[in-house]
Amino acid sequence: MTNFLITGGAGNIGSALATQLAKTESYNITIVDNLSTGHVNKIPKAANVSFINADVNIYNDIHPVFERFDFDYVFHFAAVVGVKRTLEHPIGVLEDIEGIKNVLALSKDSNVKRVFFSSSSEVYGEPFEIPQNENTTPLNSRLPYAIVKNVGEAFFRSYEKEYGLPYTIFRFFNTYGPHQSLDFVVPKFLKAALAGKPIEIHGDGLQTRSFCYIDDTIATCIETLHEDYKNSVLNVGNDREMTVLELAKEIIQVTGSQSEIIHLPALTEGDMRRRCPDVTKMKAILHRELTTLHEGLLQMVDFYKSQSKS
Ligand SMILES: NC(=O)c1ccc[n+]([C@@H]2O[C@H](COP(=O)([O-])OP(=O)(O)OC[C@H]3O[C@@H](n4cnc5c(N)ncnc54)[C@H](O)[C@@H]3O)[C@@H](O)[C@H]2O)c1
């Protein structure tokens, strides 16, 4: 058996990863989550998946989990997320550094083969260049969430340097999927469009983003279990850069909605002007084209419709 720990496994990306890993019978998956933004409904109901309600930032919560299982691979995905939430709780965000230290120290002490870290495109801050490259684009992390991810990356690299604990760092760019909470842009716009309600955009909507469908994110994470991707940093995203206004229009078109687009005052901080990853490394790992926004949106619509029937 191969034992996996996924912290934050009741969340959007963690639960999708657990669902995919659980398809391999010889994998045992333990999920640790404090259910702050996650939900038990997202956790796959499979014989080889177990759930522990615990807070990774509290050593006495997470230590017994490492004592009980002999993990081969640890995916540390738990974090305070979301622009609004992280701006409103800057101290809580900084406390996530404790979770990173706990996971690394306990992984080192229990001979984990590799630790995987969910960093973020936010480490690039307001970008110096587009597309944003893992090695050449300077990091401009200023907000607490971005600083924690940047410090987190430094901890992962340092544990490898000092103790030889292998790592893989994912810099996730906007990932969307059926289980994403409704305070993220794609689900929020889609739900509004499907309900015929106005789609609300902060500012002029000319800020750019790129949107990666969850299947591409998870396929990439799983491929990196291969030894070749040890001790590397990887952008995980989609390279179609588009404005938020274009996103709203595409969602209206895909859903055939009559929703109008309305503009709210711009956010005073945290809304980067542009964002688009260099995904050369990711594409080489996947050996296939990425899911288009159109295809991803159709899958989300199907999921929401099937949910409303059940
Ligand atoms: N979704 C994206 O577009 C995106 C982009 C960049 C980075 N990330 C990173 O990917 C990871 C997963 O994000 P997501 O989109 O799935 O968000 P999510 O909110 O769906 O998942 C995060 C999970 O972590 C749990 N959690 C939070 N703090 C915890 C703690 N102290 N102890 C235990 N559990 C805790 C939450 O309950 C939730 O289930 C996060 O680290 C996030 O920073 C996500």
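Everything quoted here is computed from the prediction, not taken from an experiment. Whatever order the structure lists them in is the order used to number ligands and atoms, beginning at 1. Starting from 1, each residue takes its place in the sequence as its number.
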Contact table, ligand 1 N/O with protein N/O, distance under 3.5 Å:
| from | atom 1 | to | atom 2 | distance (Å) |
| --- | --- | --- | --- | --- |
| ligand 1 | 3 (O) | Thr175 | N | 2.8 |
| ligand 1 | 16 (O) | Asn12 | N | 3.2 |
| ligand 1 | 16 (O) | Ile13 | N | 2.8 |
| ligand 1 | 19 (O) | Thr37 | OG1 | 2.6 |
| ligand 1 | 20 (O) | Asn12 | N | 2.7 |
| ligand 1 | 26 (N) | Asn34 | OD1 | 3.3 |
| ligand 1 | 31 (N) | Asp55 | OD1 | 2.8 |
| ligand 1 | 32 (N) | Val56 | N | 3.0 |
| ligand 1 | 34 (N) | Asn34 | N | 3.0 |
| ligand 1 | 34 (N) | Asn34 | OD1 | 3.3 |
| ligand 1 | 37 (O) | Asp33 | OD1 | 2.6 |
| ligand 1 | 37 (O) | Asn34 | OD1 | 3.4 |
| ligand 1 | 37 (O) | Ser36 | N | 3.0 |
| ligand 1 | 37 (O) | Ser36 | OG | 3.3 |
| ligand 1 | 37 (O) | Thr37 | N | 3.1 |
| ligand 1 | 37 (O) | Gly38 | N | 3.0 |
| ligand 1 | 39 (O) | Gly11 | N | 3.1 |
| ligand 1 | 39 (O) | Asp33 | OD1 | 3.2 |
| ligand 1 | 39 (O) | Asp33 | OD2 | 2.6 |
| ligand 1 | 39 (O) | Gly38 | N | 3.2 |
| ligand 1 | 41 (O) | Phe77 | O | 2.9 |
| ligand 1 | 41 (O) | Ser118 | OG | 2.7 |
| ligand 1 | 41 (O) | Lys149 | NZ | 3.0 |
| ligand 1 | 43 (O) | Tyr145 | OH | 2.5 |
| ligand 1 | 43 (O) | Lys149 | NZ | 2.9 |

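Ion pairing of Glu122 with Arg275 is present here, as a side-chain N (NZ or NE/NH1/NH2) and a carboxylate O approach within less than 4.0 Å.
A donor-acceptor pair shorter than 3.5 Å cannot be found between the side chains of His179 and Ser15. Between the side chains of Thr137 and Gln132, not a single donor N or O lies within less than 3.5 Å of an accepting N or O. Side-chain atoms of Asn102 and Asn57 form no donor-acceptor pair, as typed in the model, at a separation below 3.5 Å.
Side-chain contact check for Tyr73 versus Asn3: every heavy-atom pair is 4.5 Å or farther apart.
Remark: Lys249 NZ is loosely packed, at most 12 non-hydrogen atoms of other residues, nucleotides or ligands lying under 6.0 Å away.
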